Asker: 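After the structure tokens below, expect a handful of questions from me.
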Amino acid sequence: MMKTNLYYIGLGAFIFFQSCTGMLPNDKSNFKDTMSLDTAQYNTLHKEYKESRLVNRRFKHDDIEALISKHEEQGVLEVHEVGKSFEDRAIYKLQYGRGEKKVMLWSQMHGDEPTATMALFDLFNFLEGNADGYDSIRTLLQENLQLHFIPLLNPDGAERYTRKNAQYIDLNRDAREGESVEGGLLRTLAKEIKPSYGFNLHDQMIYYNVPGTKNPVTISVLAPAYNVEREVNRVRKGAMQLIVGMNNLLQQYVPNAVAKYDDTYSPRGFGDNFQSWGASTVLIESGGLKGDPEKQEIRKFNFAIILQALIEIAEGSYQKYDYEDYNQIPFNTSQLHDLVIRNLDISTDRASLITDIAIRRTETTVGKDFFVRGHVEDIGDLADFYGYDDIDASGLSFVEGKTYPQVFESVDMISQDRALELLNQGYIAVKVNKQGANVLHNLPLVIVTDTEFTATTEIVPYGSSNFFLGSKGNLKYAIVNGYVIDLDSNTVETLYKNRVI
Ligand SMILES: [Zn+2]
């Protein structure tokens, strides 16, 4: 519980919040509220200014360097190299505006959390735009704010697509000590800039859902605590108000798909420390959205909510929001899987069993691309769990997949249509003589070279997920590497991220 005491004084002109960090007045009367945009306008802006050179999540430092050069040449944003990563990759700060309110925004301190970095580059393009009907927004931001952007704080992690830096440090556990190269840099910059507002930009796992719903959490937010008691002072209240505004906008994009991140005080975390250093700090975690594996829609939502928050900081208009509405946003819960198969008959000779199965697909990075490995995550009564794909297999049984007897020359010889044909005939695996142009492929099949394919013969925890669901010799679904293919619909709906084994 919050221990905040709320005092209404006199005519109600001021609200005082008492906390261990002091009492500060908050004047609600002095802000202009003229510039807010709607989702259609944000969509138009994002379409216009989306950075076309960033198209998926596994961009690297060299992609960013090229963009930094472009922005340096434009001369609208001031570009500074503020340091080097442990492995000597340059870290940049881009600065915009000459106003009094200082805002720091940093992204990708976890190398495998890139969504907001893409959105920041979209935002840079917007700031460099002109004569599009939105110059008044740019003027507002420029005159009232001093924006300090640090995109891709952890370039070494991004190179490997890992959370930690090259010294194996989780930068978000290094705010207190600043021992890592990049964590130390962010800490130093915060002390130099002394921002009044902070944006701590991350991605969270895609398996969080909004409690009581099957909806993936598309964005989670947090006004991090500055003490164990999670008290609310003026600084944290500002972050809460900004979040109320962001949530209002997000609800229009993705209703009931916003949650709060765990608000336990984390003394080593940057968000918590920025809050205690006096910056109203907002954590944005990009989560999951069905049909958006590369998070390009979520990137747009980041663009919209960050731009809206900046407009509202510039105007002071975020103070119109009731900070208590922040408490209405539910916390993340973790009941989601990539695929849930319900009521499947997996009886064996020894016992009959009709139950539910959950499958997840974990990603492995290959250069700037990736493949997945689908595995059985859970077996049993999963009535309280949900799947991005969720199928009722009542009346269906587990059917083992077969390997096609003929060997193809390479994976490039097999079309999507042919793959579906093979699945319909009960073949889940195909042998090829050689790999083809790429070790990765997008077919809904298990493709093997010299490895002997072993079909999934039974459903076991962490086991493979290559099998069929059928009834009386009719195959209804293929489960290939954790992806579900509806064999009746006979269409390919997903870009399968598989590899030649
Ligand atoms: Zn993170």
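Atoms within each ligand, like the ligands themselves, are counted from 1 in listed order. What you are looking at is a predicted structure, and each value in this text was computed from that prediction instead of being measured.
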Asker: Taking Asp174 for its side chain and Gly183 for its backbone only, find out whether a donor-acceptor pair lies under 3.5 Å.
Answerer: no
Asker: Just to be sure I understand the site: which N, O or S atoms from the protein are less than 2.8 Å away from the Zn ion (ligand 1)?
Answerer: His110 ND1, Glu113 OE1, Glu113 OE2, His202 ND1
Asker: Hey, does Ser36 have a side-chain heavy atom less than 4.5 Å from the side chain of Ile311?
Answerer: no
Asker: When you measure from the centre of the six-membered ring of Phe370, is the NZ or CZ of Arg57 under 6.0 Å away and within 45° of the axis?
Answerer: yes
Asker: Using distance only, find each side-chain donor-acceptor pair of residues 281-291 under 3.5 Å and give its atom names and separation, not counting sequence neighbours.
Answerer:
{"from": "Thr281", "atom 1": "OG1", "to": "Ala279", "atom 2": "O", "distance (Å)": "2.7"}
{"from": "Glu285", "atom 1": "OE1", "to": "Gln204", "atom 2": "N", "distance (Å)": "3.3"}
{"from": "Ser286", "atom 1": "OG", "to": "Asn302", "atom 2": "ND2", "distance (Å)": "2.8"}
{"from": "Lys290", "atom 1": "NZ", "to": "Tyr388", "atom 2": "O", "distance (Å)": "3.0"}
{"from": "Lys290", "atom 1": "NZ", "to": "Asp389", "atom 2": "OD1", "distance (Å)": "3.0"}

Asker: Check whether any side-chain N or O of Lys101 sits under 3.5 Å from a backbone N or O of Ala314 as a donor-acceptor pair, and report yes or no.
Answerer: yes
Asker: Give the C-alpha distance, both sets of side-chain angles, the deciding distance and a yes or no for salt bridge (charged side-chain N to carboxylate O under 4.0 Å, His left out) between Lys70 and Glu128.
Answerer: CA-CA 11 Å; Lys70 179 184 92 171; Glu128 287 170 357; 5.7 Å; no
